[in-house]
Amino acid sequence: MYNPKPGDRLESLDTPSMIVDLDIMEENIQKLMLLLKPLAVNIRPHLKTTKSPILAKKLMAAGAKGACVAKLSEAEVMAAEGIEDLLITCEIIGPAKVARLIELFRKHPAIQIVVDSEIGATAIDAALKESGIQEPIQVLIDLDVGLHRTGVAPELALALAQHISTLSHLKLLGIQGYEGHLQHVHGREQREKACRSSMAILTGTATLLREKGFNIQVVTTGGTGTAEFCATTPGVTEVQPGSFIFMDSDYRNAVGNYFSHSLTIISTVISKSASARRVTIDAGLKTLTTDSGFAEPKDMPDVTYTPMGDEHGWLQWKENKPDIPIGARVELIPSHIDPTVNLHDFYYAHRKGVIEEIWPVATRGRVQ
Ligand code: PLP
Ligand code: MN
């Protein structure tokens with residue numbers, strides 16, 4: 001039976017497989033801590049990237065205070081594994097999800113949620129009242145700082161805060177304003193400038209709410225591309241970077257090499273054209289996502305990767321015929337890390353080619 005285990009060499013893995021270079025990953029974590037720890041912010045990494053409670057614990061051991069998850073169903077898995085200081089960064093809407101939230105909150109009362117509408121806030125309050133739970137749930141107002149994905153418009157934030165204050169089972173803890181549209185702005189100066197404008201909206205709204213008597217303790221924001229700018233904005237208390245731990249080619253093209261690629265997909269040459277400058281590998285759309293461009297063959301500057309449907313991909317050489325044989329193995333750097341991780345069951349974490357740990361992608365498919 002196929003049963004990879006710690007101590008095996010990477011060569012023994014079947015392909016495609018998702019592998020993590022532990023030395024590089026640990027360096028990325030240390031670099032994040034080096035960058036942000038001296039600043040007056042909490043680091044609450046976003047687990048939408050790793051989808052792994054094991055990695056969440058490593059991040060917390062390195063200095064993170066709790067974690068973010070995108071979806072409620074991810075929080076269920078993380079909380080059951082003992083990661084209880086969790087912020088769910090997507091709105092909880094609809095009776096089925098609200099009912100799941102109540103069950104989760106009953107067991108894990110440290111859970112924090114976001115709201116961006118009166119209707120959403122009212123439904124959660126009503127369900128909590130009906131459940132008989134006495135304790136209020138900690139809520140952050142989700143603010144639109146320019147991404148236009150979710151979040152109440154800044155001019156409506158006060159009205160939402162006032163509405164929340166009328167709801168006995170919701171406790172307003174703070175405000176979230178994620179500037180996702182700025183993470184991949186090319187050029188450090190341009191990205192910083194745009195980020196400072198979004199942060200002005202976020203901290204300005206927090207100040208206004210405080211002036212109106214609301215106790216805004218948490219102001220949370222930021223991703224890999226902006227965390228250091230957010231963290232040096234007075235008034236921001238917490239940052240939420242996720243992708244830094246593994247990185248991807250799209251992020252590197254925008255923000256540079258401060259963090260390095262620690263995760264690659266290992267794939268095998270399964271067929272070779274006799275006449276063309278290409279070989280076919282066993283990694284296609286089911287292995288690597290394409291929303292942010294195609295993956296990049298690692299350490300093969302003259303070679304491009306193109307998916308050839310669900311299960312296959314081409315490696316193409318610009319000049320010369322490939323001197324790579326059938327059966328050779330290549331590594332690819334994903335173009336967008338979060339949805340690529342979600343395509344795989346396991347991480348094979350190695351040091352210098354020897355597998356040390358195997359981590360399940362525990363919240364794979366947890367999109368609810
Ligand atoms: N916070 C929120 C609300 C997000 O949606 C994301 C990513 O989409 C992040 C933080 C983490 O960002 P990144 O993976 O770019 O570091
Ligand atoms: Mn992403």
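Just so we're clear, the structure is a prediction, and the values are computed from it rather than from any experiment. Throughout, numbering of the chain's residues begins at 1 and tracks the sequence. Indexing begins at 1, ligand by ligand and atom by atom, following the structure's order. FYI, side chains are in, hydrogens and waters are out, and symmetry mates aren't considered; it's all heavy atoms of this structure.
- With salt bridges taken as basic N to acidic carboxylate O contacts below 4.0 Å, one links E26 and R351.
- Taking every non-hydrogen atom of G223 and a distance limit under 4.0 Å, the qualifying atoms of ligand 1 come out as 12 (O), 16 (O).
- Closest to atom 4 (C) of ligand 1, if we only count protein heavy atoms, is Y178 CE2, 3.3 Å.
- If you check which protein heavy atom lies closest to atom 10 (C) of ligand 1, you get Q240 O, 3.1 Å.
- Salt-bridge check for D85 with R44: passed, with a basic side-chain N closer than 4.0 Å to an acidic carboxylate O.
- Counting only heavy atoms of the protein, atom 5 (O) of ligand 1 lies nearest to R149 NH2, 3.0 Å.
- Residue H184 does not touch ligand 1, judged by heavy-atom distances below 4.0 Å.
- For the side chain to side chain contact (heavy atoms under 4.5 Å, CB included) criterion with L86, the lone passing option out of L104, V69, I113 is V69.
- Residues E357 and K58 are paired through a salt bridge, judged by an N-O separation under 4.0 Å between the basic side chain and the carboxylate.
- Residue contact annotation: C68 has no non-hydrogen atom under 4.0 Å from ligand 1.
- Residue contacts with ligand 1 include G222, since one of its heavy atoms falls under 4.0 Å from the ligand.
- The distance criterion of under 3.5 Å between nitrogen or oxygen atoms is met by G242 with respect to ligand 1.
- Distances between N or O atoms of S243 and those of ligand 1 include at least one value under 3.5 Å.
- If you put the vertex on the Mn ion (ligand 2), NE2 of H336 and OD1 of D338 sit 90° apart, to the nearest 10°.
- Under the 4.0 Å criterion applied to side-chain N and carboxylate O atoms, E91 and K97 are not assigned as salt-bridge partners.
- One finds no salt bridge joining E189 and K193 here, because no Lys/Arg side-chain nitrogen approaches an Asp/Glu carboxylate oxygen to under 4.0 Å.
- Less than 4.0 angstrom separates some heavy atom of P241 from each of these atoms of ligand 1: 16 (O).
- For a threshold of 3.5 Å applied to N or O pairs, the pair formed by K48 and ligand 1 contains at least one separation below that value.
- For F246 and H261, the gap between ring centers reaches or exceeds 6.0 Å.
- Ion pairing between K107 and E103 fails under the 4.0 Å rule for side-chain N and carboxylate O.
- Each of the following atoms of ligand 1 lies closer than 4.0 Å to a heavy atom of T224: 13 (P), 15 (O), 16 (O).
- Under the 4.0 Å criterion applied to side-chain N and carboxylate O atoms, E74 and K48 are not assigned as salt-bridge partners.
- Scanning the protein heavy atoms around atom 15 (O) of ligand 1, the nearest turns out to be Y251 OH, 2.5 Å.
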